[in-house]
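Computed over heavy atoms, backbone and side chain alike; hydrogens, waters and symmetry mates excluded. Each residue takes its place number in the sequence, starting with 1. Each ligand, and each atom within it, is numbered from 1 in the order the structure gives.
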Amino acid sequence: MDSNYQDRIPNNVGLGANRTLQRALEHWQPEFLNWWHGLGPSDFNASSVYLRTAISVDTKGWATFDYVKMPDYRWGIFLAQEENDRRVGFGDHFGQPVWQQVPGEHRSTLRRLIVTQGDTEPASVEQQRLLGHTAPSLYDLRNLFQVNVEEGRHLWAMVYLLHAYFGRDGREEAEELLERHSGDADNPRILSTFNEPISDWLSFYMFTYFTDRDGKFQLKSLAESSFDPLSRTCKFMLTEEAHHMFVGDTGIGRVIKRTIEVMKELGTDDPIALRKAGVIDLPTIQRYLNFWFSSSLDLFGGDSSSNAASYFANGLKGRPDEIKYEDHIEAESSFTLELPNGKGGVREERIPMRNAVNEVVREAYVRDCEKGLARWNRHLEEAGYPQRMTLPSTRFRRTVGSWANAATNPEGKPITKEEFNSHLDDWLPTPDDRAYVHSVMHGVFERGKMANWIAPPERGINTQPVNFEYVKFQ
Ligand SMILES: [Fe+2]
Ligand SMILES: [Fe+2]
């Protein structure tokens with residue numbers, strides 16, 4: 001069924017033919033808009049923003065670009081094209097037809113998986129709600145709002161599944177997605193990373209690079225699901241998600257590029273001199289990176305997990321790009337974990353492969369993260385500097401899994417708690433770092449102008465020039 005862009009809720013799920021579902025969603029929509037006005041981007045709701053809107057799932061023309069006031073954004077519901085005769089790709093039901101309805105025995109688990117994913121989407125909008133005021137350019141302001149409206153659409157995507165497939169409890173869960181709030185002491189978002197406020201743009205770029213990338217891997221794992229509507233929803237969300245990570249990747253790259261320029265001008269890499277010149281020194285960028293990378297690693301869950309094993313066995317949530325693995329059943333295979341031995345060293349333990357799915361996905365994520373570092377380090381290499389950005393070890397500063405609260409250095413070597421504490425200021429953003437980074441954040445809203453601490457992007461959005469009027473204020 002084709003979507004109609006003019007519909008109140010653009011969709012390709014045949015909403016017009018399902019009155020009950022349409023009514024449920026039309027009831028939820030004003031609550032969503034209330035939430036957007038109260039906890040979405042602050043103070044820019046009257047501005048016209050050059051935004052991308054999903055209008056179909058056709059890979060050649062799935063979106064249009066135009067000026068939109070954010071509250072008028074058309075949050076639609078899109079599922080990727082149905083695959084002919086799609087089969088369960090992994091686990092105990094391998095090779096059987098996929099499910100178009102929720103099997104009773106997996107109902108509560110699937111609902112939980114959908115709610116947990118859905119909860120992160122509005123959470124990130126809440127975390128970022130004040131950032132617009134300090135945007136380094138109109139280009140960046142527009143990108144922030146693009147990310148925000150699309151996270152809003154991802155919430156719609158999960159709410160659609162809850163309404164369409166989970167009846168009354170699904171509708172209740174959909175309401176609660178608007179009732180939990182990021183950082184709320186009484187009713188916080190489900191995952192702790194999504195309760196950290198994002199109040200500066202360096203954190204925003206780190207978030208979109210590292211945390212949205214966790215989102216990519218979660219979506220890819222759910223795109224493998226035997227519950228076909230979930231799979232198709234997540235496949236389409238990935239199309240939008242790519243731009244969010246692009247914002248982080250190029251954002252961090254531009255910060256580093258600008259710092260290098262000033263290092264050259266001043267002939268020094270001294271953080272004090274660089275801060276005097278108003279740019280962000282490389283060690284501070286590295287400390288932010290250490291913080292956001294380690295916090296995002298926790299989102300994958302425990303390294304040995306019976307939940308992950310049962311999701312895999314039952315075909316609910318798999319490994320990204322399952323087709324690339326040789327064994328899709330993994331009933332007999334095992335995985336070797338490295339764990340702290342409690343005496344300051346490391347020991348190995350063999351666990352069933354199915355229990356190690358979180359760790360396998362986390363490893364794939366780390367490899368994906370490294371690509372950005374290679375790009376950023378190329379700037380340093382080309383400028384003739386020996387410094388390099390590095391990813392800390394997956395053992396470093398973890399709060400989930402076998403390495404939770406085990407003291408290690410960023411290379412992953414176990415150390416004493418005292419040693420760890422004595423190095424905290426070298427490894428993680430200090431209150432002083434945060435205060436400095438905040439001090440350079442001022443909104444730059446003149447066409448084509450950039451804040452001093454960041455280089456301009458190489459190109460604009462949708463073939464528009466960098467100095468395009470990406471946001472028109474009212
Ligand atoms: Fe998202
Ligand atoms: Fe995202």
- [ ] Please confirm if an N, O or S atom belonging to His154, backbone or side chain, lies less than 2.8 Å from the Fe ion (ligand 2).
- [x] no

TODO: Measure from the Fe ion (ligand 2) to each N, O or S atom of Glu240 and report whether any distance is below 2.8 Å.
DONE: no

- [ ] Report the C-alpha distance between Leu297 and Val366 in whole Å, list the side-chain angles of each, state the deciding distance to 0.1 Å, and finish with yes or no for side-chain contact (heavy atoms from CB on, under 4.5 Å).
- [x] CA-CA 9 Å; Leu297 287 173; Val366 173; 4.0 Å; yes

Task: Shortest-distance N, O or S atom of Asp212 relative to the Fe ion (ligand 2) - done: OD1

Task: Atom name, His244 (N, O or S, nearest to the Fe ion (ligand 2)) - done: ND1

Open item on the list: Determine whether the aromatic ring centres of residues Tyr165 and Phe227 are separated by less than 6.0 angstrom.
Closed with: yes

Open item on the list: Is the distance between the ring centroids of Trp28 and Phe32 under 6.0 Å?
Closed with: yes

Task: Which N, O or S atom of Glu121 lies nearest to the Fe ion (ligand 1), by name - done: OE1

Open item on the list: Could you check whether any side-chain N or O of His438 sits under 3.5 Å from a backbone N or O of Arg434, counting only pairs where one atom can act as donor and the other as acceptor?
Closed with: yes

- [ ] Quick one: do Glu126 and Arg129 satisfy salt bridge (charged side-chain N to carboxylate O under 4.0 Å, His left out)? Show the steps, please.
- [x] CA-CA 5 Å; Glu126 294 168 350; Arg129 67 183 303 262; over 6 Å; no

- [ ] Would you give the angle at the Fe ion (ligand 2) between Glu241 atom OE2 and Glu151 atom OE2, to the nearest 10°?
- [x] 160°

